[in-house]
Participant: 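For reference, the structure I am asking about is given below.
For the numbers below, each heavy atom of this structure counts, side chains included, while hydrogens, waters and symmetry mates do not. If you read the sequence from its start, that first residue is 1, and numbering goes on from there.
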Amino acid sequence: MTEPLFCVTDQELSIEAVSNMVINRNAGAIVTFTGTVRELTYGRKTISLHYQAYQTMAEKQLQRIGDEIKERWPDATTAIWHRTGHLQISDIAVVIAVSTPHRKDAYLANEYAIERIKQIVPIWKKEQWEDGSEWIGNQLETVSGMPKEGKEDDYR
């Protein structure tokens, strides 16, 4: 069975597996972005993160991003996998791989993908700091709030 190019999963992510999905004979470049859980956010210590998503809608939006990239860079092949659930410091939250014939297009398309994820994909995260916690309402971190279907105790 072939793995999907766009996926939201609660399983650990493999950079190599996602990167291998975009290899093709006409690609001279593969750019991979790996988003990990960092310990410090604006000087505040993070203990862990919890990601929650509307999986079906999130995967459709990831596919939409892949389609947008294909419109802008017709020779690009894109794979995006995003993790949900409870993540520790340095765990991988997202892997984006883009292949194109030339490196500049691969860099641009990959950056486009992560920015669009933050804009349109319904994935929320809860920051667990050493002095409290907060649901981040969107990935641009401009709105706080808990997703309607989320429960604070889901990950404890």
Participant: State, without any angle test, whether Gln128 and Ser48 hold a side-chain donor-acceptor pair at a distance under 3.5 Å.
Facilitator: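 There is no such pair between these side chains.
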Participant: Check for a donor-acceptor pair, side chain of Asn20 on one end and backbone N or O of Glu16 on the other, with a separation under 3.5 Å.
Facilitator: yes
Participant: More than 12 non-hydrogen atoms from neighbouring residues, nucleotides or ligands closer than 6.0 Å to CZ on Arg44, yes or no?
Facilitator: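 Yes, CZ of Arg44 has more than 12 neighbouring heavy atoms, counting only those of other groups under 6.0 Å.
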Participant: What are the two closest heavy atoms between Phe6 and Thr78, and how far apart are they?
Facilitator: CZ-O, 3.4 Å
Participant: Please report the C-alpha distance between Asp10 and Arg83 in whole Å, then the side-chain angles of each, then the deciding distance to 0.1 Å, and finally whether the side-chain contact (heavy atoms from CB on, under 4.5 Å) criterion is met.
Facilitator: CA-CA 5 Å; Asp10 61 357; Arg83 188 164 168 203; 5.8 Å; no
Participant: Is the shortest heavy-atom distance from the side chain of Ile117 to the side chain of Ile96 under 4.5 Å?
Facilitator: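 Touching, per the 4.5 Å side-chain cut-off.
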Participant: Could you state the interatomic distance from CD1 (Ile120) to CD (Glu115), rounded to the nearest 0.5 Å?
Facilitator: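 It comes to 12.0 Å.
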Participant: Which residue, Val95, Leu13, Ile92, forms the side-chain contact (heavy atoms from CB on, under 4.5 Å) with Thr36?
Facilitator: Ile92
Participant: Please step through side-chain contact (heavy atoms from CB on, under 4.5 Å) for the pair Val98 and Val22, ending with a clear verdict.
Facilitator: CA-CA 6 Å; Val98 179; Val22 301; over 6 Å; no
Participant: For the residue pair Ile123 and His82, establish whether any side-chain heavy-atom pair is separated by less than 4.5 Å.
Facilitator: yes
Participant: Look at the side-chain heavy atoms of Ile, Leu, Val, Met, Phe, Trp and Tyr, link any pair under 4.5 Å apart, and say whether Val31 and Ile114 land in one connected group.
Facilitator: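 No, Val31 does not connect to Ile114 through the hydrophobic network.
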Participant: What's the shortest heavy-atom distance between Ala58 and Ala53, and which atoms?
Facilitator: CB-CB, 4.3 Å
Participant: When you check the side-chain N and O atoms of Gln63 and Glu59, is any donor under 3.5 Å from an acceptor?
Facilitator: no
Participant: Please work out whether the ring planes of Trp135 and His50 are parallel, tilted or perpendicular, with thresholds of 30° and 60°.
Facilitator: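 Ring orientation, 0 to 90° scale: perpendicular.
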Participant: Within a strict 4.5 Å, meaning less than it, do heavy atoms of the Trp129 and Glu134 side chains meet?
Facilitator: yes
Participant: Quick one: do Trp73 and Leu5 end up in the same hydrophobic cluster if we chain Ile, Leu, Val, Met, Phe, Trp and Tyr together by side-chain heavy atoms under 4.5 Å apart?
Facilitator: yes
Participant: Can you tell if the side chain of Leu40 reaches within under 4.5 Å of the side chain of Lys45, non-hydrogen atoms only?
Facilitator: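 Yes, their side chains come closer than 4.5 Å.
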Participant: Taking the side chain as every heavy atom from C-beta outward, state whether Ile89 and Thr46 have any atom pair closer than 4.5 Å.
Facilitator: yes
Participant: Taking the side chain as everything from C-beta on, heavy atoms only, tell me whether Thr32 gets closer than 4.5 Å to Ile15.
Facilitator: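 Result yes, sub-4.5 Å side-chain heavy-atom pair found.
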Participant: Restricting to non-hydrogen atoms, name the atom on Pro4 and the atom on Met21 that form the minimum distance, rounded to 0.1 Å.
Facilitator: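 Closest approach of Pro4 to Met21, heavy atoms only: O-SD, 3.7 Å.
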Participant: Which atoms form the tightest heavy-atom contact between Ala29 and Ala106, and what is the distance?
Facilitator: CB-CB, 4.1 Å
Participant: Evaluate the side-chain proximity of Ile30 to Ile23: yes if any heavy-atom separation is below 4.5 Å, no if none is.
Facilitator: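 Yes, at least one pair of side-chain atoms sits under 4.5 Å.
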Participant: Taking atom CG of Leu49 and atom CZ of Arg38, what is their separation to the nearest 0.5 Å?
Facilitator: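 That separation rounds to 8.5 Å.
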Participant: Verify, without hydrogens or angle tests, whether Asp105 (side chain) and Thr100 (backbone) share a donor-acceptor contact under 3.5 angstrom.
Facilitator: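 No; zero donor-acceptor contacts below 3.5 Å.
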Participant: Apply side-chain contact (heavy atoms from CB on, under 4.5 Å) to residues Ile80 and Val121 and explain how you reach the verdict.
Facilitator: CA-CA 12 Å; Ile80 306 171; Val121 180; over 6 Å; no
Participant: Looking at side-chain heavy atoms only, is the closest gap between Tyr54 and Val8 below 4.5 Å?
Facilitator: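 SC-SC contact between Tyr54 and Val8 ruled out.
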Participant: Please give me the minimum heavy-atom distance between Ile69 and Ala76, naming the atom from each residue.
Facilitator: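 The pair with the smallest heavy-atom distance is CG2-CB, 3.8 Å.
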Participant: What's the spacing between Thr77 OG1 and Asn24 CG if we round to 0.5 Å?
Facilitator: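 Answer rounded to 0.5 Å: 4.5 Å.
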Participant: Would you compute the distance between atom CD of Gln11 and atom OG1 of Thr84 and round it to the nearest 0.5 angstrom?
Facilitator: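 Spacing of CD (Gln11) from OG1 (Thr84) equals 9.0 Å.
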Participant: Checking salt bridge (charged side-chain N to carboxylate O under 4.0 Å, His left out) for the pair Arg64/Glu68: CA distance, chi angles, key distance, verdict?
Facilitator: CA-CA 6 Å; Arg64 176 180 165 187; Glu68 290 174 0; 3.1 Å; yes
Participant: So if you build clusters from Ile, Leu, Val, Met, Phe, Trp, Tyr with side-chain heavy-atom gaps below 4.5 Å, do Ile47 and Leu87 land together?
Facilitator: no
Participant: Take a 6.0 Å sphere around NZ of Lys70 and say whether it holds more than 12 heavy atoms from other residues, nucleotides or ligands.
Facilitator: yes
Participant: Say you draw a straight line from CD of Gln61 to CG of Asp67; how long is it, rounded to the nearest 0.5 Å?
Facilitator: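 One gets 10.5 Å once the value is rounded to the nearest 0.5 Å.
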